[in-house]
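Remarks on the structure that follows.
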Amino acid sequence: MTEIPKSHPRYASLVARERVAEGVRKGLTSSQGLIAQGRGECFDYLLGERTTPSAAAATQAAAAMLLLADRPALSVNGNVAALVPEEMVALACALAAPLEVNLFHRSEERVKRIADLLRDYGAERVIGENPDATIPGLDHARALATRGGIYDADVVLIPLEDGDRCEALVAMGKKVIAIDLNPLSRTARRATVSIVDNILRAAPNLTAQAKQLSSMRHENLERIVQEYDNESMLHRAVQEMMTHLQGQFQDYHSAPKD
Ligand code: ATP
């Protein structure tokens with residue numbers, strides 16, 4: 001990977017870009033994944049590249065929902081595998097949940113590479129290589145799912161997912177948790193809980209929350225979930241972006257000109 005100096009003001013963003021490019025070179029990520037990364041970077045820039053209060057609240061609700069689940073499942077695609085493989089394994093371990101490789105542009109070779117990578121990081125249950133069910137309402141390749149994983153899960157985490165699949169999972173009656181930097185995407189608007197944050201920050205934050213809430217009584221976890229309102233959280237995320245941008249704009253205009 002290209003060496004990026006830690007002093008660079010956009011260090012984290014450039015490292016992420018390098019990881020996705022490396023994911024393409026290693027055959028983990030499709031070339032379309034580079035475009036998804038670019039879109040994500042743009043929204044992260046608008047957010048100020050930080051976990052906002054609304055994202056922290058959504059992360060807490062997501063952790064509570066996953067802890068209450070009877071059959072949670074975590075979806076991993078090519079961008080997720082390139083960016084946070086180790087962090088997804090840590091999350092799966094904290095929740096005792098399976099990781100299911102689930103690709104938009106599916107190839108058996110890429111599924112196997114990603115599954116092997118997750119196993120190399122110590123994942124205990126990785127599925128998706130032998131799908132045995134289909135999600136209704138999607139065309140064949142995109143509908144593939146696995147029993148014991150996403151297909152019969154009650155709560156599914158779908159980081160960086162497309163809107164159609166999110167909608168189809170919600171239509172199956174599942175609770176769906178999205179991680180998506182775009183608060184206006186169909187995925188973010190259709191999901192039950194949308195974490196508007198970079199997966200680089202959201203995945204470790206979610207694991208930390210799951211560990212922190214793991215000893216909480218069920219009725220308290222249920223209260224967190226009941227009090228959560230996704231629509232107003234997305235509204236807050238948009239407000240946070242606008243406030244950040246106004247601040248940037250004012251700083252720019254008040255800075256001394258050469
Ligand atoms: P939708 O169908 O939901 O409207 P889309 O077509 O806009 O989605 P896709 O290309 O299918 O988007 O999925 C990529 C999504 O993932 C985008 O919304 C993008 O902002 C988001 N994204 C990309 N990189 C990251 C990241 N590192 N962390 C979180 N979200 C990301």
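Counting from 1, the numbers follow the sequence of the chain as shown.
Note: Gln248 CD to Tyr45 OH = 6.5 Å, rounded to the nearest 0.5 Å. Ser254 OG to Phe249 CZ: the interatomic distance, rounded to the nearest 0.5 Å, is 11.0 Å. Atom NZ of Lys26 sits about 12.0 Å away from atom CD1 of Ile114, to the nearest 0.5 Å. Of the inter-residue distances, the one linking Ile195 atom CD1 with Asp180 atom CG reads 11.0 Å to the nearest 0.5 angstrom. Atoms CG and CG, on Asp70 and Asp152 in that order, are 11.5 Å from each other to the nearest 0.5 Å. Between the CG atom in Leu28 and the CZ atom in Arg113 there is a gap of 7.5 Å [rounded to 0.5 Å].
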- Item | Worked check of side chain to side chain contact (heavy atoms under 4.5 Å, CB included) between Ser194 and Leu234 | CA-CA 8 Å; Ser194 302; Leu234 291 178; 3.9 Å; yes
- Determine, step by step, whether Leu91 and Glu87 satisfy the side chain to side chain contact (heavy atoms under 4.5 Å, CB included) criterion, reporting the C-alpha distance in whole Å, the side-chain angles of both residues, the deciding distance to 0.1 Å, and the verdict. CA-CA 6 Å; Leu91 179 61; Glu87 292 82 351; over 6 Å; no
- Message: Could you go through Asp197 and Arg50, starting from their C-alpha distance and side-chain angles, then the distance that decides it, and tell me whether this counts as salt bridge (Lys or Arg N to Asp or Glu O under 4.0 Å)?
- Response: CA-CA 8 Å; Asp197 201 2; Arg50 73 209 152 111; over 6 Å; no
- Query: Should Asn205 and Thr59 be marked as a side chain to side chain donor-acceptor pair (under 3.5 Å) after you check the CA-CA gap, both sets of side-chain angles, and the distance that decides it?
  - Reply: CA-CA 7 Å; Asn205 286 347; Thr59 304; 5.5 Å; no
- Going through the distances and angles, do Glu22 and Arg25 end up as a salt bridge (Lys or Arg N to Asp or Glu O under 4.0 Å)? CA-CA 5 Å; Glu22 182 72 3; Arg25 285 193 285 272; 3.0 Å; yes
- Verify side chain to side chain contact (heavy atoms under 4.5 Å, CB included) between Arg110 and Ser107, making sure each step is shown before the conclusion. CA-CA 5 Å; Arg110 221 151 57 74; Ser107 88; 3.3 Å; yes
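Without hydrogens or angle criteria, Arg19 side chain to Leu83 main chain gives a donor-acceptor distance under 3.5 Å. Side chain of Asn230 to backbone of Ala188: a donor-acceptor contact under 3.5 angstrom is found. Using a distance-only test at 3.5 Å, with no hydrogens or angles considered, no donor-acceptor pair links the side chain of Asp154 to the main chain of Ala69. Side-chain N or O atoms of Lys174 include one that pairs as donor or acceptor with a backbone N or O of Ala153 at under 3.5 Å. The backbone N or O of Leu184 lies less than 3.5 Å from a partner atom in the side chain of Arg189, making a donor-acceptor pair.
Remark: the Arg165 side chain and the Asn102 side chain contain an N/O donor-acceptor pair separated by less than 3.5 Å.
The minimum heavy-atom distance linking Ala64 with Val225 is given by the pair CB-CG2, 3.8 Å. Scanning all heavy atoms of the two residues, the minimum distance from Glu161 to Ser75 falls at OE1-OG, 4.3 Å. The shortest non-hydrogen separation linking Gln209 to Ala63 is CB-CB, 3.6 Å. The two residues Ala202 and Ile179 make their nearest non-hydrogen contact at CB-CG2, 3.9 Å. Minimum heavy-atom separation, Leu117 to Pro85: CD2-CB, 3.8 Å. Listed here is the closest heavy atom pair of Pro131 and Thr146: CA-OG1, 3.8 Å.
Glu109 and Lys112 are not joined by a salt bridge, as no carboxylate oxygen comes within less than 4.0 angstrom of a charged side-chain nitrogen. Between Arg119 and Glu129, at least one side-chain N (NZ, or NE/NH1/NH2) sits under 4.0 Å from a carboxylate O, which counts as a salt bridge. Under the 4.0 Å criterion applied to side-chain N and carboxylate O atoms, Arg106 and Glu108 are assigned as salt-bridge partners. Between Glu41 and Arg17 there is a salt bridge, since a side-chain N of the basic residue sits under 4.0 Å from a carboxylate O of the acidic one. At a threshold of 4.0 Å, the pair Glu100-Arg125 does not count as salt-bridged, since none of the basic side-chain nitrogens sits closer than that to a carboxylate oxygen. Salt bridge status for Asp44 with Arg10: absent, with no side-chain N to carboxylate O gap under 4.0 Å.
The cluster map of Ile, Leu, Val, Met, Phe, Trp and Tyr, joined by side-chain heavy atoms under 4.5 Å apart, puts Val101 and Leu144 in different clusters. Taken together through direct or relayed side-chain contacts under 4.5 Å among Ile, Leu, Val, Met, Phe, Trp and Tyr, Val89 and Leu160 form part of one hydrophobic cluster. The cluster map of Ile, Leu, Val, Met, Phe, Trp and Tyr, joined by side-chain heavy atoms under 4.5 Å apart, puts Ile199 and Leu47 in different clusters. Each of Val196 and Val84 belongs to its own hydrophobic cluster when Ile, Leu, Val, Met, Phe, Trp and Tyr are linked at side-chain heavy-atom distances under 4.5 angstrom. Cluster membership check: Leu95 shares its hydrophobic cluster with Met216, using side-chain heavy-atom separations under 4.5 Å among Ile, Leu, Val, Met, Phe, Trp and Tyr.
For the pair Arg142 and Phe104, the cation-pi test (distance below 6.0 Å, angle within 45°) is passed.
Residue Asn220 qualifies as enclosed at atom CG: its count of foreign heavy atoms under 6.0 Å is above 12.
With side-chain heavy atoms closer than 4.5 Å counting as contact, directly or through intermediates, the hydrophobic cluster containing Tyr151 also holds Ile135, Leu138, Ile150, Val156, Ile158, Leu169, Val170, Met172, Val176.
Tested against Leu103 for a side chain to side chain contact (heavy atoms under 4.5 Å, CB included), the candidates Val76, Thr29, Asn77 yield a single pass: Asn77. The only option from Gln239, His235, Glu240, Arg236 that meets the side-chain hydrogen bond (donor to acceptor under 3.5 Å, both in side chains) definition with Ser54 turns out to be Glu240. For the side chain to side chain contact (heavy atoms under 4.5 Å, CB included) with Tyr228, the lone residue among Met233, Arg223, Met65 that qualifies is Met233.
Partners of Glu231 according to the side chain to side chain contact (heavy atoms under 4.5 Å, CB included) rule, which considers only residues two or more places apart in sequence or in another chain, are Asp229.
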